[in-house]
Structure formats: C-alpha cells, structure tokens
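Take a look at the structure below.
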Amino acid sequence: TDFETILLERKGRVALVTLNRPKALNALNSQVLTDISAALDELEADEEIGAVVLTGSERAFAAGADIKEMQSKSYMDMYLADHFAGWDRLVAFRKPIIAAVAGYALGGGCELAMMCDLLIAADTAKFGQPEIKLGVIPGMGGSQRLTRAVGKAKAMDLILTGRNMDAEEAERAGLVSRIVPAAELVATALEVAATIASMSLPSVMIAKEAVNRSFETTLGEGLRFERRVFHSLFATADQKEGMAAFVEKRAANFGNR
Ligand code: HXC
C-alpha cells in the first residue's frame with residue numbers, strides 16, 4: 001500500500017514505519033494519523049509481523065502536532081471532532097512498537113514517542129512539551145505519560161517552561177531505554193525489534209499487555225491479571241517448544257503459536 005505521509009517497509013518479521021513530511025519536520029496532521037492507523041491495521045492483522053519500529057528523519061522524529069492545521073480551530077471544532085482521540089489507535093495496537101528518535105521530538109512528537117512501548121534515542125534527540133509557549137497544553141497524553149515516565153518534578157519543569165531536554169537527560173530521567181550514535185539509530189532499533197519478533201508472538205503480545213496493565217490498575221489486580229495470562233500461555237505450542245529447547249540445550253524455534 002502507498003501512503004501520503006509515511007513509508008512502510010517490511011524487513012522479515014519487522015515493519016519499519018518512517019514519518020515522511022520532511023518540509024514540516026514531520027508535524028502530525030490528520031493525514032499522518034490516517035496513514036499510521038491504516039498501516040497499523042495492516043500490520044496487526046499480519047501474522048508474519050512481530051514488532052514495529054516507528055522513526056522520523058535525522059532532523060526530526062516529529063516537531064509536534066501540525067500548528068498550521070490547528071491554528072484557526074474553535075473550541076467546538078476541537079471538542080466535536082474529539083481532536084487527537086484518533087491516536088488511541090496506536091495505543092491499542094497489540095504488538096510492540098519501538099520509537100527510534102533522532103532530532104526533535106516535541107509536543108505531539110514527544111507524546112507519539114511515549115505512546116510507543118520502548119524508546120531508543122539517537123544522541124541528537126531533543127524531547128520537549130513546548131505547548132505552553134503556544135498558549136495551550138499537551139493534548140496527546142504529555143501531562144499524563146511524561147509524568148509517569150519521569151516523575152512530577154521534571155514533568156512540571158518541562159511542561160511549564162516548554163524547555164527541551166537532550167538524550168542524556170531523557171535517559172537519566174527514565175524516558176528512553178538506550179542512547180545510540182545517530183548513524184546507528186535505525187539499525188539498532190531494527191535489531192531490537194528483530195529480537196522481539198523472534199520470540200513467541202502470543203508471549204510478546206501478552207507481555208506488552210501485562211506491562212501496560214500496570215499503568216491502569218492496582219498492584220493486586222495487576223498481579224492477578226499477570227498470573228491468569230501467564231497460565232494461559234501453557235495452552236501454546238510455543239511454550240512447549242521454548243521449554244523443550246531449554247531442556248534439550250538447543251535454540252528455540254517459535255512460530256507454531
Ligand atoms: C506545523 C511545523 C511544525 C509544527 C515545524 N514546522 N514544526 N509546521 N506544525 N509543529 C514547519 C515550520 O513551520 C517550517 O515550515 C518547517 O517546518 C521547518 O521548521 P523551522 O522552524 O524553519 O525549523 P528550525 O528553525 O530548525 O526549528 C525547528 C523547531 C521549530 C525548533 C522544531 O520548527 C519549532 O519550534 N516547531 C514547533 C514545535 C512545537 O511547538 N511543537 C508543539 C506543537 S503543539 P515553513 O513552511 O515555515 O518553512 C503540539 C500539541 C498540541 O504538538 C496540543 C494542544 C492542542
């Protein structure tokens with residue numbers, strides 16, 4: 001399928017989605033959302049795909065929601081359209097998505113990266129929630145996800161002043177899982193994704209669901225959820241294969257599900 005604002009490539013069991021609005025530093029307009037949603041529908045239904053990498057350009061992962069598209073909207077325009085609600089599609093995607101971030105990840109760009117499951121940053125990455133400088137606040141999850149990721153002190157600092165933080169600060173704060181040289185960013189993210197995609201698909205999908213559940217529920221309910229879904233994996237061929245491979249001292253060959 002061809003998309004207007006993204007590129008979609010399949011590399012074995014991994015899909016690479018590249019934001020492709022270079023003239024607008026990958027600002028997220030409604031077409032980007034339409035394209036990403038369609039790509040995710042396709043990738044979720046595809047049994048061959050085990051993980052996804054989402055990236056931008058060297059200069060910008062995404063410089064935010066498209067300010068020019070929002071500029072003249074009224075309250076009722078935003079409220080009736082439930083502007084930004086469509087991004088829930090990405091949050092509902094059940095396979096792992098790795099955000100590979102180089103350059104600017106600002107506003108909606110930072111929020112998009114935080115909707116992903118893990119975040120790998122180039123040493124050039126700059127994260128921020130500059131919406132306060134536009135007379136608004138984060139609207140795609142920044143006040144909630146950034147606060148959970150880095151804690152109240154740093155979230156308040158970033159969201160109230162609109163300043164950027166570099167990759168080092170983002171890693172220290174726990175927002176990103178690793179920093180790599182910019183030239184190795186996409187290759188590293190694809191390697192991590194390939195490792196994930198080589199595991200049992202139901203295990204991977206259920207592991208993602210279980211970790212995400214921890215953000216939505218109490219510890220007791222989360223532990224019960226984990227135990228139930230852990231038990232359910234004993235219904236899979238991949239569990240038999242994984243444990244047999246360990247006992248027989250050989251590599252596991254997952255895929256019978
Ligand atoms: C629309 C954008 C854009 C954006 C950049 N561009 N960011 N267009 N929406 N968010 C466009 C510019 O208008 C310009 O187009 C082109 O991309 C290149 O950008 P420059 O500003 O010329 O580049 P540079 O000087 O290198 O500065 C890069 C930058 C700056 C620091 C990232 O572009 C910037 O501050 N962008 C806005 C960042 C931001 O505020 N993001 C939050 C958006 S609000 P032209 O055609 O002029 O050459 C948001 C959530 C909203 O995300 C939630 C509340 C509703």
Side-chain angles (χ1 to χ4, degrees), residues 3-7 17-37 40 54-91 97 99-116 119 121-150 152 154-170 173 175-176 179 182-183 185:
F3 300 99
E4 242 176 83
T5 63
I6 63 172
L7 304 170
V17 177
T18 306
L19 298 167
N20 188 30
R21 291 189 73 209
K23 287 193 191 119
L25 300 183
N26 293 330
L28 307 168
N29 63 8
S30 26
Q31 190 59 44
V32 177
L33 174 58
T34 301
D35 287 348
I36 288 188
S37 298
L40 292 180
L54 176 63
T55 196
S57 68
E58 240 167 73
R59 196 163 159 223
F61 177 74
D66 192 313
I67 298 169
K68 293 166 187 166
E69 190 181 62
M70 286 184 294
Q71 183 179 10
S72 57
K73 300 237 195 244
S74 69
Y75 166 74
M76 278 310 286
D77 292 337
M78 297 299 270
Y79 178 64
L80 274 184
D82 204 0
H83 199 84
F84 293 147
W87 289 98
D88 292 348
R89 173 66 190 94
L90 191 132
V91 177
I97 308 187
V101 177
Y104 296 111
L106 302 182
C110 184
E111 293 167 299
L112 175 59
M114 292 191 293
M115 288 176 204
C116 297
L119 212 160
D123 48 13
T124 58
K126 286 178 263 316
F127 299 90
Q129 297 289 161
E131 290 90 344
I132 200 83
K133 297 197 238 170
L134 301 169
V136 292
I137 69 163
M140 283 170 55
S143 66
Q144 307 303 301
R145 290 200 180 89
L146 186 65
T147 307
R148 279 166 165 80
V150 306
K152 175 174 167 176
K154 208 170 275 288
M156 284 288 190
D157 181 350
L158 291 164
I159 290 168
L160 294 177
T161 69
R163 77 173 174 89
N164 292 351
M165 81 180 155
D166 64 16
E168 295 284 344
E169 184 178 359
L175 182 66
V176 316
I179 303 176
L185 176 69

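Each residue takes its place number in the sequence, starting with 1. Whatever order the structure lists ligands and atoms in, that order sets their numbers, starting from 1. All heavy atoms count here, side chains included; hydrogens, waters and symmetry mates do not.
Protein heavy atoms are found less than 4.0 angstrom from atom 46 (O) of ligand 1.
Of the N or O atoms in Arg59, one or more lie within a sub-3.5 Å distance of an N or O in ligand 1. Checked by distance only, ligand 1 and Gly108 come closer than 3.5 Å through their nitrogen or oxygen atoms. Annotation: Glu111 places no N or O atom under 3.5 Å from an N or O atom of ligand 1; distance criterion only. The distance criterion of under 3.5 Å between nitrogen or oxygen atoms is met by Ala65 with respect to ligand 1. Taking any N or O of Leu134, backbone or side chain, none lies under 3.5 Å from an N or O belonging to ligand 1. At under 3.5 Å, a nitrogen or oxygen of Ala63, whether backbone or side chain, sits near a nitrogen or oxygen of ligand 1.
Contacts between Met70 and ligand 1 below 4.0 angstrom, taking non-hydrogen atoms only, involve the side chain exclusively. When non-hydrogen atoms are compared, ligand 1 lies under 4.0 Å from the backbone of Ile67 as well as from its side chain.
Atoms of ligand 1 lying under 4.0 Å from at least one heavy atom of Pro130, given by number and element, are 39 (C), 40 (O), 41 (N), 42 (C). Those atoms of ligand 1 with a heavy atom of Leu106 less than 4.0 angstrom away are 32 (C), 38 (C).
Of the possible polar contacts, one joining the Lys126 side chain to the Thr124 backbone as a donor-acceptor pair under 3.5 Å is found. For Asn29 (side chain) and Asp66 (main-chain N/O), no donor-acceptor pair under 3.5 Å exists by modelled atom type.
When the shell of 6.0 Å around CE of Met78 is examined, it contains more than 12 heavy atoms from other residues, nucleotides or ligands.
Summary of contacts: the protein heavy atom closest to atom 21 (O) of ligand 1 is Leu25 CD1, 5.0 Å. At the top of the distance list for atom 8 (N) of ligand 1, counting protein heavy atoms only, stands Ala27 CB, 4.1 Å. Regarding atom 54 (C) of ligand 1, its nearest protein heavy-atom neighbour is Ile137 O, 3.2 Å.
Using a cutoff of 4.0 Å between basic side-chain nitrogens and carboxylate oxygens, Glu169 and Lys154 are scored as salt-bridged.
Residue Gln129 places every heavy atom at 4.0 Å or more from ligand 1.
A side-chain donor from one of Ser30 and Glu69 sits under 3.5 Å from a side-chain acceptor of the other.
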